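A quick write-up on the structure given underneath.
As the structure is a prediction and not an experimental result, all values here were calculated from the model. In what follows, every chain begins at residue 1, and chains take the letters A, B, ... in the order their sequences are listed.
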Amino acid sequence: MVSIAKLAEHVGETVTVRGWLYNKRSSGKLHFLEVRDGSGIVQAVVFKGNVSPELFAAADRIQQESSIEVEGLVKEHGKIKGTYELDAKDVKLVAATAREYPISPKEHGTDFLMDHRHLWLRSKRQHAIMRVRHAIIKAVRDFFDENDFTLVDAPVFTPNACEGTSTLFQTDYHGEPAYLTQSGQLYMEAGAAAFGKVYCFGPTFRAEKSKTRRHLAEFWMVEPEVAFMDLAGDMVLAEQFLSFVVSRVLETRRKELDVLASDKRPDDPEWWTRHMTMLENVKAPFPRITYHEAIDLLQKNGHPDAKVGDDFGGDEETTISKKFDRPVIIHRYPMDLKAFYFARDPNDPKLALNMDVLAPEGYGEIIGGGQRESDLARLEAAIAEHRLPKEAFEWYLDLRRYGSFPHAGFGLGIERTVSWICGLSHVRETIPFPRMLNRLAP
RNA sequence: UCCAGCGAAGCCGAAUGGUCAGGCCGCCGGCUGUUAACCGGCCCUUCGAAGGUUCGAUUCCUUCCGCUGGAGCCA
């Protein structure tokens, strides 16, 4: 048994490959069986002169996505240099398909494919995206591991309904209302006081009825938090982190990105080249502008109505990000737009010590974070101002009562990052089984 | 929640107030080098649901359902 990815190490040997029939072509005395095993795809050539008539006929009857076992000689592809094929000696059917495989090798609509998501994951493009996702997540973990962070995962069930920002899913927790987490951040602040540098990585949930290319009801977020770090340090951490992740993907997943390049934007054939250049550019430091500078930029670039106090919508984010050739950091938003826990800028208390990182090419906000309020009295005032139930935050206030400390962190949305790096037009393909406003299955 | 667009075979999809073109898949046959193979043949649908207008509706109107993505909100 050899995995298809490692066939190059077995040239000249007779090996057995197990997998599924991806596609099949025939040319009289030759059958070309494309076999998929999860590690790759190889073409098995069944030549009439090499096998029994029964086997030759049987090979032609195997249906798409039947599981099969092929024994054959590994040799260089008859037409394509640098790839390998199997000169088949034996083909065994492990299990035939019980009915016709629904995803034929032609075009399909998204809704149909999403209904068959459990099968759609077998196709080349989805395979490439999931491998990039895997590489991104591995890079995330490696980065924090190599920089002495401790993994402190946050709970999924939370008792309090609000940071005051987004809508949460409510569940019944043994008779008490409980909510699916929207962020692990508050828990990371406790973690930072215990371990110094921590991060969590897990699913988060938003119940907003958002139906856009950027939204999922369930998505994965990685959230580092560091004790005795200020906003400036937070920005440095974010840009080093993103640079590391992107360069790792470029190092390890070139083949998969090439698969994704193939059917890109027919109206703009240069798009993928520009996209790859943009990824190569993701090196710290990133350009940094203040919120006020961003408003100026918008006013001068097609958004004359933009004014201080507005938050940025999808269009605004696209306009800003298109002005730069790499991710851009926007910092110091008005406190009114931000959650209660942000520290205020000592030079202008109306501003939060926060920052967002916008991905290039209009992919939107992929990182949001900043420095947290460490003063007990000011934090209590902020909770009151946002009309949040103080009792629910007593444990959080304890972090300021028992040795308060400046600290900062951020959250990165994995799916938006995958979507950006893969150059996709929608986040729904970046997670194996997406949960969206109108989709809970499969 | 609001706005817009869409809904035709297992899938993709043109046209149309007079009864669904073409293609893919499948099946049969042909081809020793195919790459979403190709060539020939066969097979499958009455157009999301209900109601209305009409001699006649897949086509026009109303409501509903489903899908799509944009606003709001957000990562």
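The side chain of A:N23 approaches B:A36 more closely than any other nucleotide in the set B:U32, B:A36, B:G33. The side chain of A:D311 approaches B:C74 more closely than any other nucleotide in the set B:C25, B:C74, B:U32. Nearest nucleotide to the A:E100 side chain, out of B:A36, B:C31, B:G26: B:G26. Nearest to the side-chain atoms of A:K106 among the listed nucleotides B:C73, B:A36, B:C12 stands B:A36.
At a cut-off of 3.5 angstrom, the base of B:G26 holds no donor-acceptor pair with the side chain of A:S104. Not a single donor-acceptor contact under 3.5 angstrom links the side-chain atoms of A:Q64 to the base of B:G26. Residue-to-nucleotide contacts include no donor-acceptor pair under 3.5 Å from the side chain of A:H108 to the base of B:C11.
Distance noted for atom P between B:A8 and B:U46: 14 Å (whole Å). Comparing the same atom, C1', in B:U32 and in B:U45 gives a spacing of 39 Å after rounding to whole Å. With both ends at atom C1', the span from B:G17 to B:G29 equals 43 Å, rounded to whole Å. Distance check on atom C1': B:C25 versus B:C42 gives 14 Å, rounded to whole Å. Taking atom C1' in both B:C44 and B:C20, one finds a spacing of 13 Å when rounded to whole Å. Taking atom P in both B:U1 and B:A9, one finds a spacing of 29 Å when rounded to whole Å.
The separation between A:R61 atom CZ and B:C28 atom C1' is 14 Å, rounded to whole Å. One interatomic measurement links the two molecules: CZ of A:F219 to P of B:C74, which rounds to 12 Å at whole-angstrom precision.
Taking a cutoff of 4.0 Å between a charged side-chain nitrogen and a carboxylate oxygen, A:D115 and A:R439 qualify as a salt bridge. Salt-bridge check for A:K89 with A:E71: failed, with every basic side-chain N at 4.0 Å or more from each acidic carboxylate O.
OP1 or OP2 of B:C27 has at least one side-chain nitrogen or oxygen of A:Q63 nearer than 4.0 Å. The shortest distance between the side-chain N/O atoms of A:K29 and the OP1/OP2 oxygens of B:U32 is below 4.0 Å.
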Does the protein touch nucleotides 65-70 of chain B at the base, only the backbone, or not at all? Give it as B, S and - per nucleotide, heavy atoms under 4.0 Å. --SBBB
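Helical stems in RNA chain B, defined as runs of 3 or more consecutive Watson-Crick or G-U wobble pairs with both donor-acceptor distances under 3.5 Å, are listed by first residue as B:1-7 with B:65-71, B:10-12 with B:22-24, B:26-30 with B:38-42, B:48-52 with B:60-64.
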